[in-house]
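To start, the structure itself, in structure tokens.
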Amino acid sequence: MSGVIVIDPPKAELRDVDALAGFGVATVSEAMGRTGLLGTDIRPVQQGVRVAGTAVTVLSWPGDNLMIHAAVEQCGEGDILVVTTTSPCTDGLFGELFATALKQRGVRGVVLNTGIRDTQELREMGFAAWSRAVSSQGTVKATGGSVNVPIAIDGQVIRPGDVILADDDGVVVVPRERARETAEKSEAREAKETATRAAFLDGQLGLDRYGLRETLKNLGVQYQTHEEYAGESS
């Protein structure tokens with residue numbers, strides 16, 4: 001497997017990345033029309049952490065982390081490393097030593113479509129990580145791959161410089177051209193949710209606020225007393 005290392009990909013503006021960091025993954029995905037989510041198998045190794053950054057992408061051979069070493073050189077302030085392999089792999093391609101090198105370069109976290117190890121050390125050093133598996137299985141450094149090329153994870157295409165947002169609920173990718181627009185839509189959505197939260201605290205029901213009583217009626221859903229229901233069931 002030959003490959004390429006792209007050294008100067010376009011990136012989303014850092015101010016837009018930081019604006020997106022103020023919103024949850026669910027809010028941002030909803031703001032983009034319920035798109036951009038990576039699969040539910042990619043989970044955080046820590047809790048209570050949210051990060052956003054620009055993607056540095058890696059395409060590696062299964063069981064081989066050579067290209068992660070190559071990618072470290074391409075990483076900088078505000079980035080998130082995103083790694084996948086040419087076929088399914090749960091080996092521990094990434095651990096504490098990689099995290100040490102990336103943290104020194106200002107990288108905000110890592111998203112792995114593979115396995116990860118040294119999870120306790122990662123939590124202790126405060127390096128945010130999301131992965132498909134946790135595995136102590138080691139790797140080799142023997143096969144070429146690519147850095148900063150488009151990759152796909154769970155049906156989502158991730159290009160270098162796209163925005164990656166990750167929290168306890170999962171991971172979402174925002175195309176770099178849509179970063180500012182999505183931040184604005186996320187802000188509007190959060191304002192709407194704030195108003196709804198206040199209404200719920202005041203006792204209003206979702207059935208009324210969202211006009212769902214008419215929806216239930218149109219679907220033929222009926223309200224019955226227990227006696228009426230029991231009579232129909234006997």
Side-chain angles (χ1 to χ4, degrees), residues 1-21 28 32 35-39 42 51-89 91-95 97-116 127-132 139-166 171-183:
M1 176 182 174
S2 59
V4 62
I5 299 173
V6 180
I7 62 174
D8 58 349
K11 294 183 177 183
E13 293 287 340
L14 196 56
R15 63 179 179 179
D16 299 327
V17 176
D18 290 341
L20 285 166
V28 170
M32 290 195 298
T35 62
L37 290 173
L38 274 58
I42 296 182
V51 297
T54 45
V56 172
T57 61
V58 180
L59 180 62
S60 290
W61 196 258
D64 191 312
N65 67 4
L66 172 63
M67 299 314 296
I68 298 180
H69 284 278
V72 171
E73 183 181 24
Q74 305 306 316
C75 290
E77 190 71 36
D79 286 334
I80 290 180
L81 186 68
V82 186
V83 180
T84 193
T85 48
T86 56
S87 61
C89 172
D91 295 344
L93 267 66
F94 186 97
L97 291 178
F98 272 137
T100 299
L102 290 174
K103 189 172 184 179
Q104 190 275 336
R105 300 178 76 86
V107 174
R108 296 177 175 181
V110 64
V111 174
L112 299 154
N113 192 28
T114 66
I116 196 171
F127 190 81
W130 287 255
S131 71
R132 186 167 296 276
T139 59
V140 299
K141 301 164 181 60
T143 312
S146 294
V147 175
N148 278 334
V149 299
I151 61 175
I153 299 177
D154 295 329
Q156 298 295 335
V157 175
I158 302 169
R159 301 166 304 160
D162 284 346
V163 182
I164 299 294
L165 175 69
V171 181
V172 65
V173 55
V174 179
R176 56 182 181 256
E177 302 89 348
R178 296 184 62 188
R180 180 171 301 181
E181 165 204 345
T182 302

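Here the structure is a predicted model, which means the values were calculated and not measured.
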State whether the side chain of [X] and the backbone N or O of [Y] hold a donor-acceptor pair below 3.5 Å, judged by distance alone.
X: S146; Y: V4; answer: yes
X: S60; Y: T85; answer: no
X: R176; Y: A55; answer: no

Sequence neighbours left out, what passes salt bridge (charged side-chain N to carboxylate O under 4.0 Å, His left out) with R108? Give chain and number order. D18

Less than 4.0 angstrom from a charged side-chain N to a carboxylate O is my criterion; do D79 and K11 meet it? yes

Considering the options L37, T35, L20, V163, which one meets the side chain to side chain contact (heavy atoms under 4.5 Å, CB included) requirement together with V28? L20

Should [X] and [Y] count as side-chain neighbours, where that means a heavy-atom distance under 4.5 Å?
X: N65; Y: H69; value: yes
X: R132; Y: P88; value: no
X: F94; Y: V110; value: yes
X: T86; Y: P62; value: yes
X: V6; Y: P160; value: no
X: W130; Y: V51; value: yes

Is the count of non-hydrogen atoms from other residues, nucleotides or ligands lying under 6.0 Å from E73 atom CD greater than 12? no

For the student: nearest non-hydrogen atoms of N148 and Q74, plus distance: ND2-CB, 4.0 Å

Can you see which heavy atom on D162 is nearest to which on V174, and at what distance? CB-O, 3.6 Å

Indicate whether any N or O donor in one side chain lies under 3.5 Å from an N or O acceptor in the other, for T139 and D64. no

